[in-house]
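Below: the structure, in structure tokens.
Within every chain, numbering begins at 1; the chains are lettered A, B, ... in the order of the sequence lines, protein sequences first and strands thereafter. Values below: all heavy atoms of this structure, side chains included; hydrogens, waters and symmetry mates excluded. Not measured: the values here are computed from a predicted model.
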2 protein chains.
Amino acid sequence: MDSRRIPRPTIKRLAVYHRCLENLVISGVPSISSKDLAERLGIKASQVRKDLSYFGEFGKRGVGYGTELLLDSISEILGIRKRWNTCIVGMGNLGMALANYPGLAGSGFITRALFDNNPNKIGIPMPNDLIIESTSLLKNIVRERNIEIGVITVPANAAQSTAELLIDASIKGIVNFAPVRLSLPPEVRNEEIDISVSFRSLAFSMTFGSSGRGRIR
Amino acid sequence: MDSRRIPRPTIKRLAVYHRCLENLVISGVPSISSKDLAERLGIKASQVRKDLSYFGEFGKRGVGYGTELLLDSISEILGIRKRWNTCIVGMGNLGMALANYPGLAGSGFITRALFDNNPNKIGIPMPNDLIIESTSLLKNIVRERNIEIGVITVPANAAQSTAELLIDASIKGIVNFAPVRLSLPPEVRNEEIDISVSFRSLAFSMTFGSSGRGRIR
DNA sequence: AAGTGTGAAGTCTTTCACAGCT
DNA sequence: AGCTGTGAAAGACTTCACACTT
């Protein structure tokens, strides 16, 4: 598969299809058409078919897609069987929330370490046998525990230096919740989640009646 | 201004420019070129100029943009002076984190109410003189306190019914953290933040070396 | 000389429309 | 008849390139 040609929005939608199919399989629905699947997600049927067509032919003409087969296929495409070891740096409110959030482990992202540089927080016990540890130990711990993904939940002014610590520990991907753009070497993958920018964008569209419902992109 | 023609990614970048300019103004930098601003954000200078050109001419040729003037102009465009009353529905980990997160109030999004339907949580005192209240009171409280934005942090299976409660209370915009697509009337604006989809997308690009750093879009 | 503002070109993504299977 | 898979068309967004201003 030549993933350079796969639109990023397609990957995000695949993850959404996956979740929807899990529910369908649980509900015992044996098959679904692109039209029905699209309707559930508020997108176009042709979008569903095009997304899937990048990876193969999973449907039966005249019938639709077998839910179990499609679920398996998408799991394969997204590498959903793989488990990823992650760590969270910055145990403020958001870091705490993520450490307590079962949805990540449920998706294969296992939190293996929690870091903060506030001495008052170090040692605090957390779920899953984790303890908040000093950021000064990050490099060793990341390597020992084979952590591949770092989650940055520190304040904006500490985000870049945190990223550099993670890179120095040979992390391969970063999810950055801090409201700054990180400068990273090209081999490190990066996903930004900027909550206040999303609120702002909502506010703008509320004020100016802009184009409306956000698509999955 | 004809906001129907403004690309959504432009709005999100405007919010990012705004934040960057705040720092520049604080640091006493009097002006900046599109090239320098773009470099700080990891995008192209022409993108910065095009984004701004949708709204007017803010720069001086041969010089650049006055930081204070540009900051004011973007504030005006994004309606940053306006204060938005918000409520959070679902006081699990994420709802708690948002209620404690100063970044939102700092951006003009004031949390005016917190709801949950777990009787054990109702009455718990929270920051800013707030108390967790019963979801059954939502409609009245939303109207009394002029709440315009609802933040959904309930589990996936409760998200749609929560959205309907909010709509029934005449909310105008929804930020949805639950991993489901809401079906909403067209006049209600909506922004989705799907954390596990972002992790999945990161994992995919880590596995298949896909096109790399997410742009602001 | 430096840097903006902007049509036009280029690239990426979505949607259409229909041939082809079941 | 119904629905997929997919080239081609449309649309959205970004980048180029250069005229224009300071």
Side-chain angles (χ1 to χ4, degrees), chain A residues 1-14 16-17 29-67 69-70 73-74 77 201 205 210-217, chain B residues 1-14 16-17 29-67 69-70 73-74 77 201 205 210-217:
Chain A
M1 174 190 39
D2 183 358
S3 79
R4 282 163 297 184
R5 300 247 163 102
I6 312 292
R8 268 230 170 182
T10 290
I11 298 305
K12 298 210 167 184
R13 283 189 300 266
L14 244 34
V16 175
Y17 303 159
V29 178
S31 83
I32 190 166
S33 68
S34 60
K35 182 165 171 294
D36 289 351
L37 184 54
E39 230 155 56
R40 284 168 185 261
L41 305 173
I43 61 177
K44 290 248 150 69
S46 55
Q47 181 80 81
V48 171
R49 295 200 302 277
K50 176 64 84 181
D51 284 341
L52 296 174
S53 77
Y54 289 117
F55 301 95
E57 307 192 2
F58 306 108
K60 282 195 182 64
R61 296 176 192 227
V63 182
Y65 300 88
T67 50
L69 174 64
L70 188 54
S73 305
I74 294 179
I77 293 163
S201 167
S205 73
S210 146
S211 53
R213 314 207 32 210
R215 277 163 295 167
I216 311 167
R217 21 164 54 233
Chain B
M1 173 192 40
D2 183 357
S3 79
R4 281 163 299 185
R5 300 249 163 102
I6 312 292
R8 269 233 169 179
T10 290
I11 299 304
K12 299 213 165 182
R13 283 190 300 265
L14 244 35
V16 175
Y17 303 159
V29 178
S31 83
I32 190 165
S33 67
S34 58
K35 182 166 169 292
D36 289 351
L37 184 55
E39 229 155 58
R40 284 168 185 262
L41 304 173
I43 60 178
K44 289 248 150 69
S46 55
Q47 180 80 81
V48 171
R49 295 201 301 277
K50 176 65 85 182
D51 284 341
L52 297 174
S53 77
Y54 289 118
F55 301 95
E57 307 193 359
F58 306 108
K60 283 195 182 62
R61 296 178 191 224
V63 182
Y65 300 88
T67 49
L69 174 65
L70 189 54
S73 304
I74 294 179
I77 293 163
S201 166
S205 74
S210 148
S211 55
R213 315 208 28 209
R215 277 163 294 167
I216 311 169
R217 21 163 52 232

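Nucleotide D:dC3 holds its P atom 8 Å from the CG atom of A:D36, rounded to whole Å. Protein atom CG of B:D51 is 13 Å distant from nucleotide atom P of C:dT4, rounded to whole Å. For B:R8 and C:dT14, the CZ to P distance is 15 Å, given to the nearest whole Å. Between A:L52 atom CG and D:dG5 atom C1' there is a gap of 10 Å when expressed in whole angstrom units. The interatomic distance linking B:K44 (NZ) with C:dA9 (C1') rounds to 15 Å, in whole Å. Atoms CZ (B:F58) and P (C:dT6) sit 11 Å apart, rounded to a whole Å. For the pair B:L70 CG and C:dG5 C1', the computed distance is 14 Å after rounding to whole Å. If you take CG of A:L69 and C1' of D:dT4, they are 14 Å apart, rounded to a whole angstrom.
Taking for each of A:S46 and B:K35 the nucleotide of DNA chain C with the nearest heavy atom, the 5'-most of the two is the partner of B:K35. The residue among A:K60 and B:Q47 whose nearest nucleotide of DNA chain D lies closer to the 5′ end is A:K60.
Once rounded to the nearest 0.5 Å, the distance linking OH of B:Y65 with OG of B:S31 reads 11.5 Å. To the nearest 0.5 Å, the span separating CZ on B:R49 from OG on B:S33 amounts to 9.0 Å. B:S205 contributes atom OG, which lies 13.0 Å from atom CD1 of A:I6 (distance to the nearest 0.5 angstrom). To the nearest 0.5 Å, atoms CG (A:L52) and CG (A:L37) are separated by 8.0 Å.
Residue B:R61 places its side chain closer to C:dG5 than to any other of D:dT14, D:dC3, C:dG5. Across D:dA8, D:dC3, D:dC16, the shortest atom-to-atom separation from the side chain of A:K50 is found for D:dA8. Side chain of A:R49, nearest nucleotide from C:dC18, C:dG5, D:dT14: C:dC18. Comparing C:dT6, C:dC16, C:dT4 by their closest approach to the side chain of B:E57 singles out C:dT6.
Contact annotation: A:Y65 side-chain N/O to D:dG5 OP1/OP2 distance is under 4.0 Å. Between C:dC12 and A:R5, no contact under 4.0 Å exists linking OP1 or OP2 to a side-chain N or O. Here A:S34 does not reach the OP1 or OP2 of D:dC3: none of its side-chain N or O atoms lies under 4.0 Å away.
Using a 4.5 Å heavy-atom threshold, the side chains of B:T10 and B:F55 count as touching.
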